[in-house]
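Nothing here was measured: the structure is a model prediction, and the numbers come from that model. One-based numbering, in listed order, for ligands and for the atoms of each.
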Amino acid sequence: MLSRVDVALGSRSYPILIGSGCLSAAGSLFRSHGISQTNAFVLTNPQVGSLYFDTLRHSLTEAGFQQVVRHDIPASEGGKNWEEFSKTCAALLEHFPDAGAAPLVVLLGGGVVGDLGGFAAAVYRRGVPFVQIPTTLLSAVDSSVGGKVAVNFGGVKNIMGAFSQPRLVLCDLSVLRTLSPRELRSGTAEVIKYGVVCDASLFELLEGPALEKLIALDPETLIQIVTQCVRLKAAVVEQDEFDKLGIRNVLNFGHTIGHALELSARYTLTHGEAIAIGMVAATNLALRLQLCEPTLLESLTQQLTRAGLPLAHQGHPELFDPAVRALQLDKKFRNGKNLFVLPVRPGVWKQAEDLPWPMVHEVLMETLQ
Ligand SMILES: NC(=O)c1ccc[n+]([C@@H]2O[C@H](COP(=O)([O-])OP(=O)(O)OC[C@H]3O[C@@H](n4cnc5c(N)ncnc54)[C@H](O)[C@@H]3O)[C@@H](O)[C@H]2O)c1
Ligand SMILES: [Zn+2]
């Protein structure tokens, strides 16, 4: 049984199929959803590829894909760079030089594979079709949906990229069982993010045992929460696909300080850990501005703690200067100001671009001391 969420974007619409054990049916699902390419280029990494590539290849071959090429990038954020992007494009060109045989690009992995590979698919021959097969909780609930594809460059996160929607997202929840506990917790940060700024009912749900059940990978809870999160993401993307109207900014809750920490700590924090800390910092800013009640910060910190996520990156005051520099290089840094998404109450948020630097610095310092 597959649960299905549609992302309605006119001619760029696509389905998100969510189930357990569906990787082995990937090829036939692609075919039944109108994907007709003869060849496939699978981007993955050594870790995920060793676990799941054979199953995927078998299903593709059974569904009539003739040439199935695998290309690996390193299994970490450090690999989401221009060099690996360029090597991926070179592999595409090497294996598929004939314009008549352009492959389906299949992205088998977490957000790093999805972001880098989606960007390569977006620009190779001005765009070849791609599908996302997210294998982390984070990529299942967030990065595989919405068409933001990118690599890090020049010390800035996601600065080289494009908007390019996948043809389909296939989410096999059974693959999450091989995730390390740290990566699983990391994904819950984005789930908690949706609860705080997008959906009071999800926030309420996570106040109860559903959070522990999610981390224990209870099948019913997992499918319920992943489906709810992708519905929320789809709704935001449908309203503001190209991030022009300010609506999509909601997804950046926790990401302004989070991205700065991720970069300045040189990826020793996972994306989800950095975002957890960033959400606490943003809520602290909202409190100082009297935008939210202290109880919101309490609930958020409790949810993050129950999920085993950090609230700060204490003992690292030396990261203050690099983090300030990273803030000034943020993709959304404009006219000398950072964009902050501040929570008001569950499901309600406000954006602020005019926060006084001393206040931001103070909160950042608290995070690092
Ligand atoms: N495009 C977007 O809209 C968007 C949204 C959120 C995050 N992101 C990006 O996503 C990235 C983070 O993604 P992530 O958290 O998935 O990290 P990741 O892709 O680095 O994966 C984390 C680790 O888990 C391993 N792994 C993946 N699936 C596994 C499995 N099933 N079993 C065992 N190990 C597995 C990977 O090899 C890797 O070591 C960041 O670069 C972030 O910027 C993008
Ligand atoms: Zn994120």
Within the 3.5 Å criterion, strictly below it, is a donor on [X] or [Y] matched to an acceptor on the partner's side chain?
X	Y	result
Tyr14	Gln165	yes
Ser3	Thr227	yes
Glu262	His271	yes

Just wondering, are more than 12 heavy atoms of other shown residues or ligands nearer than 6.0 Å to [atom1] in [X]?
X	atom1	result
Arg345	CZ	no
Glu318	CD	yes
His95	NE2	yes
Glu293	CD	no

In Glu190, the N, O or S atom nearest to the Zn ion (ligand 2) is which? OE2
Nearest protein heavy-atom contact for [atom]: which residue, which atom, what distance?
atom	answer
atom 43 (O) of ligand 1	Lys157 NZ, 2.7 Å
atom 18 (P) of ligand 1	Val112 CG2, 3.9 Å
atom 16 (O) of ligand 1	Thr136 OG1, 2.6 Å
atom 10 (O) of ligand 1	Gly111 CA, 3.4 Å
atom 41 (O) of ligand 1	Glu77 OE1, 2.5 Å
atom 24 (O) of ligand 1	Glu183 CG, 3.7 Å
atom 9 (C) of ligand 1	Asp115 OD2, 3.4 Å
atom 8 (N) of ligand 1	Ser143 CB, 3.6 Å

Just which atoms of ligand 1 are under 4.0 Å from any heavy atom in [X]?
X	result
Asn45	36 (C), 37 (O)
Val175	30 (C), 31 (N)
Lys80	9 (C), 40 (C), 41 (O), 42 (C), 43 (O)
His271	7 (C), 42 (C), 43 (O)
Glu190	6 (C)
Tyr52	31 (N)

Closest to atom 26 (N) of ligand 1 (heavy atoms only, candidates Val151, Thr44, Val48, Val149) is Val48
If hydrogens are left out, which of Gln47, Glu262, Gln132, Arg182 has an atom nearest to atom 34 (N) of ligand 1, that is, the closest non-hydrogen atom? Gln47
After noting the C-alpha distance and the side-chain angles of Glu273 and Arg182, does the key distance pass the salt bridge (Lys or Arg N to Asp or Glu O under 4.0 Å) rule? CA-CA 9 Å; Glu273 288 166 352; Arg182 187 181 182 195; 2.7 Å; yes
Under 4.0 Å from ligand 1, counting heavy atoms only, is it the side chain of [X], its backbone, both or neither?
X	answer
Lys233	side chain
Leu138	side chain
Thr178	both

Given Gln303 and Glu207, is the side chain to side chain donor-acceptor pair (under 3.5 Å) satisfied, shown in steps? CA-CA 7 Å; Gln303 289 187 12; Glu207 290 285 88; 2.7 Å; yes
Using a 3.5 Å distance criterion without hydrogens, assess whether the side chain of Ser24 forms a donor-acceptor pair with backbone atoms of Gly21. yes
Has ligand 1 got any nitrogen or oxygen that is less than 3.5 angstrom from a nitrogen or oxygen of Ser76? no
If you measure every N/O of Thr135 against every N/O of ligand 1, is any gap under 3.5 Å? yes
Is any side-chain N of the basic residue among Lys148 and Asp115 closer than 4.0 Å to the acidic one's carboxylate O? no
Parallel, tilted or perpendicular: ring planes of His361 versus Phe320, cut at 30 and 60 degrees: perpendicular
Which of parallel (below 30°), tilted (30 to 60°) and perpendicular (above 60°) describes Phe85 and Trp82? tilted
